[in-house]
Asks: 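Attaching a single structure in structure tokens format; questions to follow.
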Amino acid sequence: MGQKITNFQLMAKPSGSVCNLDCTYCFYLEKEHLYPERKSRWKMDATTLENYVRKNIQAQNNDVVDFLWQGGEPTLMGLDYFREAVRLQNQYRGFKHINNYFQTNGTNIDDEWACFLKENNFLVGLSIDGDRISNDAYRLTRSGKSTFDAVMSGLEALKRRKVEFNTLTVVNAENVKRPLDVYNFLKRIGSRYMQFIPLVERAAAEPDSHGLTLIQPDFSGQCRVTDWSVPAKAWGRFMNQIFDHWIQHDIGEVFVMNFEQTLAKMCGNLSACVINETCGSNLIVEANGDVYSCDHFVYPENKLGNLNEDDLLTLVNTPQNIAFGQNKKTGISKDCLNCMVRPVCNGGCPKHRFELSSDGRPNKNYLCDGFASHLFHVVPKMKTLLSLLNAGTPPGKIRREMKRHYYR
């Protein structure tokens with residue numbers, strides 16, 4: 001059994017899977033089948049909200065407590081809901097500092113929302129997949145219409161009120177073809193902190209007994225990788241082209257989460273769960289209080305308990321959750337163990353481990369070829385970058401030095 005988890009995050013989905021959009025690739029919309037009562041009672045109620053705030057603050061071993069709000073679409077809860085959340089945070093915080101992170105599709109953001117987010121220091125993550133062509137490939141309304149103008153309107157409200165924001169871009173089968181178009185568009189609209197998330201899902205030929213089609217990695221029935229998933233090698237090319245442009249032109253001015261995570265691992269630090277040796281410290285709480293080990297593993301067998309009935313630290317440290325986190329390390333593929341870049345990859349997300357390894361086990365990451373081509377491309381350059389950063393070299397000189405060494 002692994003060590004006791006004392007530092008963790010608990011992301012809330014107060015609207016569950018309920019959303020005002022119908023994104024083709026969304027892995028969470030079908031979770032409505034797990035909660036059929038949601039048609040009439042889909043919002044996280046007042047009791048669950050208070051338990052989330054109180055128990056999250058009490059369970060954290062640090063002076064800083066993070067609250068992560070996601071969905072579905074959290075703006076559907078309404079402003080008064082989040083005013084109450086902030087009131088509860090202030091009631092229970094004691095001497096702890098509270099951070100709020102709010103992931104939204106942006107379509108409901110107006111000046112009133114933006115004022116609230118600014119006044120309460122929320123960091124907003126805006127989901128946008130690039131320009132109109134890229135964004136509207138899969139991110140559509142329930143009537144199949146474009147969402148681009150509504151997202152841009154929400155972004156303008158955030159910028160008017162000087163709300164701190166970053167962008168989250170799902171890299172899929174379409175926008176992966178246009179890496180610099182996507183990157184430069186995000187830069188033009190004012191994003192200075194970008195996250196690129198590779199999309200990988202497999203769909204079963206038939207829904208399971210719970211009505212779910214998008215499956216776990218250990219599923220052995222008839223299935224296929226979805227058409228919207230990003231091809232592995234294309235993912236590597238996408239990240240390499242953005243890195244080469246970023247290191248020559250934008251380092252110090254634009255921050256790319258993916259590159260920062262790799263740099264953190266190269267320095268021997270903990271990083272995002274996707275590239276750490278183990279996981280299990282990034283849990284989610286559903287609208288009714290159910291707690292799961294990860295939002296990519298919201299399946300009945302991964303439910304740990306309920307926030308309204310159970311002690312939060314006990315849930316985090318159940319043998320089930322500890323085993324979930326340790327399985328990432330113990331279940332790594334034979335090919336990963338022999339790979340030179342494993343220390344900065346660690347086999348990637350367990351959700352994506354379903355390809356056959358050289359020993360015949362289906363535990364190799366679908367994105368392995370892409371991760372390998374990206375990391376073998378950037379790690380030597382990042383070693384140079386780290387030496388320059390450690391020497392206190394200013395960004396402008398770093399850009400010139402990188403060009404001189406690698407891009408002449």
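Quick caveat, the model's predicted, so the values are computed rather than measured.
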Asks: Could you report the tightest heavy-atom contact between Trp235 and Pro198, atom names first, then the distance?
Replies: CH2-CD, 3.7 Å

Asks: Please indicate whether Lys96 has more than 12 foreign heavy atoms, meaning atoms of other residues, nucleotides or ligands, lying under 6.0 Å from its NZ.
Replies: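 Counting other residues, nucleotides and ligands, NZ of Lys96 exceeds 12 neighbours.
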
Asks: Is it true that atom CD of Glu301 has more than 12 heavy atoms of other residues, nucleotides or ligands lying nearer than 6.0 Å?
Replies: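 Yes - once you tally the heavy atoms of other residues, nucleotides and ligands closer than 6.0 Å, there are more than 12.
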
Asks: Could I get the full list of ring pair (Phe, Tyr, Trp, His ring centres under 6.0 Å) partners for Phe8, not counting sequence neighbours?
Replies: none

Asks: For residues Lys13 and Val298, determine if any side-chain heavy atom of one lies less than 4.5 Å from a side-chain heavy atom of the other.
Replies: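 Contact flag for Lys13/Val298 side chains = no.
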
Asks: Counting only N and O atoms by type, is there a donor-acceptor contact under 3.5 Å from the side chain of Gln103 to the main-chain atoms of Gly125?
Replies: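 Here the side-chain-to-backbone pair exists.
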
Asks: Considering non-hydrogen atoms only, spot the tightest contact between Gln241 and Leu180 and give its length.
Replies: O-CD2, 3.7 Å

Asks: A cation-pi test, strictly: NZ or CZ of Lys43 under 6.0 Å from the centre of the six-membered ring of Tyr81 and no more than 45 degrees from its axis. Yes or no?
Replies: no

Asks: SG of Cys336 to CG of Asn365: how many Å apart, nearest 0.5 Å?
Replies: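 Cys336 atom SG to Asn365 atom CG measures 7.0 Å (nearest 0.5 Å).
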
Asks: Test Glu277 against Arg342 for side-chain contact (heavy atoms from CB on, under 4.5 Å), laying out the working first.
Replies: CA-CA 9 Å; Glu277 267 195 318; Arg342 181 187 60 82; 4.1 Å; yes

Asks: Where is the tightest heavy-atom contact between Gly71 and Pro74, given as atom of each residue plus distance?
Replies: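 Residues Gly71 and Pro74, closest heavy atoms: N-CD, 4.1 Å.
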
Asks: Any sub-3.5 Å donor-acceptor pair from Asp208's side-chain atoms to Leu212's backbone N or O?
Replies: yes

Asks: How long is the gap from OG on Ser191 to CG on Asn166, to the nearest 0.5 Å?
Replies: 7.0 Å

Asks: Please report the interatomic distance CD(Glu355) to CG(Asp369), rounded to the nearest 0.5 Å.
Replies: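 Between Glu355 CD and Asp369 CG, I get 9.0 Å after rounding to 0.5 Å.
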
Asks: Is the count of non-hydrogen atoms from other residues, nucleotides or ligands lying under 6.0 Å from Ile133 atom CD1 greater than 12?
Replies: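 Check fails, neighbour count at 12 or below.
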
Asks: Once rounded to the nearest 0.5 Å, what's the spacing between atom CZ of Arg353 and atom CG of Leu367?
Replies: 12.0 Å

Asks: Could you go step by step and tell me if Asp335 and Ser333 meet the side chain to side chain donor-acceptor pair (under 3.5 Å) rule?
Replies: CA-CA 5 Å; Asp335 298 345; Ser333 77; 5.0 Å; no

Asks: Between Gln9 and Ser281, do the side chains contain an N or O donor and an N or O acceptor separated by less than 3.5 Å?
Replies: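 The answer is no; no qualifying pair exists.
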
Asks: Could you go step by step and tell me if Ile109 and Leu117 meet the side-chain contact (heavy atoms from CB on, under 4.5 Å) rule?
Replies: CA-CA 10 Å; Ile109 299 293; Leu117 296 166; 4.2 Å; yes

Asks: Which is it for Ser293 and Leu304 under the side-chain contact (heavy atoms from CB on, under 4.5 Å) test, yes or no, and what are the steps along the way?
Replies: CA-CA 7 Å; Ser293 293; Leu304 301 174; 3.7 Å; yes

Asks: May I ask you to decide if Gly144's main-chain N or O and Asp22's side chain share a donor-acceptor pair within less than 3.5 Å?
Replies: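 Here the side-chain-to-backbone pair does not exist.
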
Asks: Please name the pair of heavy atoms, one in Arg139 and one in Leu21, separated by the smallest distance, quoted to 0.1 Å.
Replies: NH2-CD1, 4.3 Å

Asks: Exactly one of Thr147, Asn105, Thr141 should register a side chain to side chain donor-acceptor pair (under 3.5 Å) with Asn20. Which one does?
Replies: Asn105

Asks: Do Tyr52 and Phe67 make the cut of ring centroids closer than 6.0 angstrom?
Replies: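 Tyr52 vs Phe67: aromatic centres under 6.0 Å.
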
Asks: State the NE2-OH distance between His249 and Tyr183, to the nearest 0.5 angstrom.
Replies: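 The distance works out to 9.0 Å.
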
Asks: Tell me, yes or no, whether the heavy-atom count around Gln58 atom CD, taken from other residues, nucleotides or ligands under 6.0 Å, exceeds 12.
Replies: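 Count over threshold, so yes.
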
Asks: Mark yes when over 12 heavy atoms from residues, nucleotides or ligands other than Glu309 sit less than 6.0 Å from its CD; otherwise mark no.
Replies: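 Atom CD in Glu309 is crowded, with more than 12 foreign heavy atoms closer than 6.0 Å.
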
Asks: With a 4.5 Å cut-off on side-chain heavy atoms, are Val225 and Phe354 touching?
Replies: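 In short, these two side chains touch, coming nearer than 4.5 Å.
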
Asks: Going by an N to O cut-off under 4.0 Å, is there a salt bridge joining Asp359 and Lys334?
Replies: no

Asks: Are any of the side-chain heavy atoms of Lys145 and Asp136 separated by less than 4.5 Å?
Replies: no

Asks: State, with a plain yes or no, whether a side-chain heavy atom of Leu388 is found less than 4.5 Å away from one of Thr384.
Replies: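 With C-beta onward as the side chain, the pair touches.
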
Asks: Under 3.5 Å, is there a donor-acceptor pair between the side chain of Asn172 and the main chain of Val170?
Replies: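 Checked: pair present.
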
Asks: Please work out whether the ring planes of Phe259 and Trp246 are parallel, tilted or perpendicular, with thresholds of 30° and 60°.
Replies: tilted

Asks: Suppose we screen for salt bridge (Lys or Arg N to Asp or Glu O under 4.0 Å). Which residues come up paired with Glu112, at least two apart in sequence or across chains?
Replies: Arg83

Asks: Of all the heavy-atom pairs spanning Ser229 and Glu201, show the shortest one and how long it is.
Replies: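 Closest heavy-atom pair between Ser229 and Glu201: OG-N, 3.0 Å.
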
Asks: So, applying side-chain contact (heavy atoms from CB on, under 4.5 Å) with Phe196, which one of Val230, Val176, Thr167, Val256 is it?
Replies: Val256

Asks: Is it the case that the side chains of Asn306 and Asp290 hold a donor-acceptor pair, with the cut-off being a distance below 3.5 Å and no angle test?
Replies: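 A pair is found: one side chain offers a donor N or O, the other an acceptor, under 3.5 Å apart.
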
Asks: CG of Asp244 to CE of Met239: how many Å apart, nearest 0.5 Å?
Replies: 11.0 Å

Asks: Does atom NZ of Lys159 have more than 12 heavy-atom neighbours, drawn from other residues, nucleotides or ligands, at distances under 6.0 Å?
Replies: yes

Asks: Would Glu73 and Ser15 satisfy side chain to side chain donor-acceptor pair (under 3.5 Å), going step by step from the backbone distance to the final call?
Replies: CA-CA 7 Å; Glu73 172 52 38; Ser15 66; over 6 Å; no

Asks: So with a 6.0 Å cut-off around NZ of Lys233, is the heavy-atom count from everything else above 12?
Replies: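 No, not enclosed.
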
Asks: At their closest point, which heavy atom of Leu49 faces which heavy atom of Trp69, and how far apart are they?
Replies: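 Minimum heavy-atom contact is CD1-CH2, 3.8 Å.
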
Asks: Are Arg93 and Gln89 close enough that some pair of their side-chain heavy atoms sits under 4.5 Å apart?
Replies: no

Asks: Do Pro207 and His33 come close enough that some side-chain heavy atom pair is under 4.5 Å?
Replies: no

Asks: Run Arg237 and Asn240 through side chain to side chain donor-acceptor pair (under 3.5 Å) and show every step you take.
Replies: CA-CA 5 Å; Arg237 290 192 296 269; Asn240 286 345; over 6 Å; no

Asks: Given side chain to side chain donor-acceptor pair (under 3.5 Å), test Thr48 with Asn308 step by step and report yes or no.
Replies: CA-CA 6 Å; Thr48 307; Asn308 294 312; 3.0 Å; yes

Asks: Distance only, no hydrogens: is a donor on one side chain within 3.5 Å (strictly under) of an acceptor on the other, for Asn56 and Gln60?
Replies: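 Present: a donor and an acceptor within the cut-off.
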
Asks: Could you walk me through whether Tyr92 and Glu50 pass side-chain contact (heavy atoms from CB on, under 4.5 Å), step by step?
Replies: CA-CA 10 Å; Tyr92 290 111; Glu50 182 164 6; 2.4 Å; yes

Asks: Would you verify whether the NZ or CZ of Lys31 falls within 45 degrees of the ring axis of Tyr299 while also being under 6.0 Å from that six-membered ring's centre?
Replies: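 Cation-pi check for Lys31 and Tyr299: passes.
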
Asks: Answer yes or no: is there a side-chain heavy-atom contact under 4.5 Å between Lys118 and Lys162?
Replies: yes

Asks: Can you list the residues that meet the ring pair (Phe, Tyr, Trp, His ring centres under 6.0 Å) rule with Phe116, with sequence neighbours excluded?
Replies: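 If we apply the ring pair (Phe, Tyr, Trp, His ring centres under 6.0 Å) test to Phe116, skipping adjacent residues, the hits are Phe122.
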
Asks: Taking the side chain as every heavy atom from C-beta outward, state whether Arg54 and Leu88 have any atom pair closer than 4.5 Å.
Replies: no

Asks: Please state whether the rings of Phe185 and Phe148 are parallel, tilted or perpendicular, taking 30° and 60° as the class boundaries.
Replies: tilted

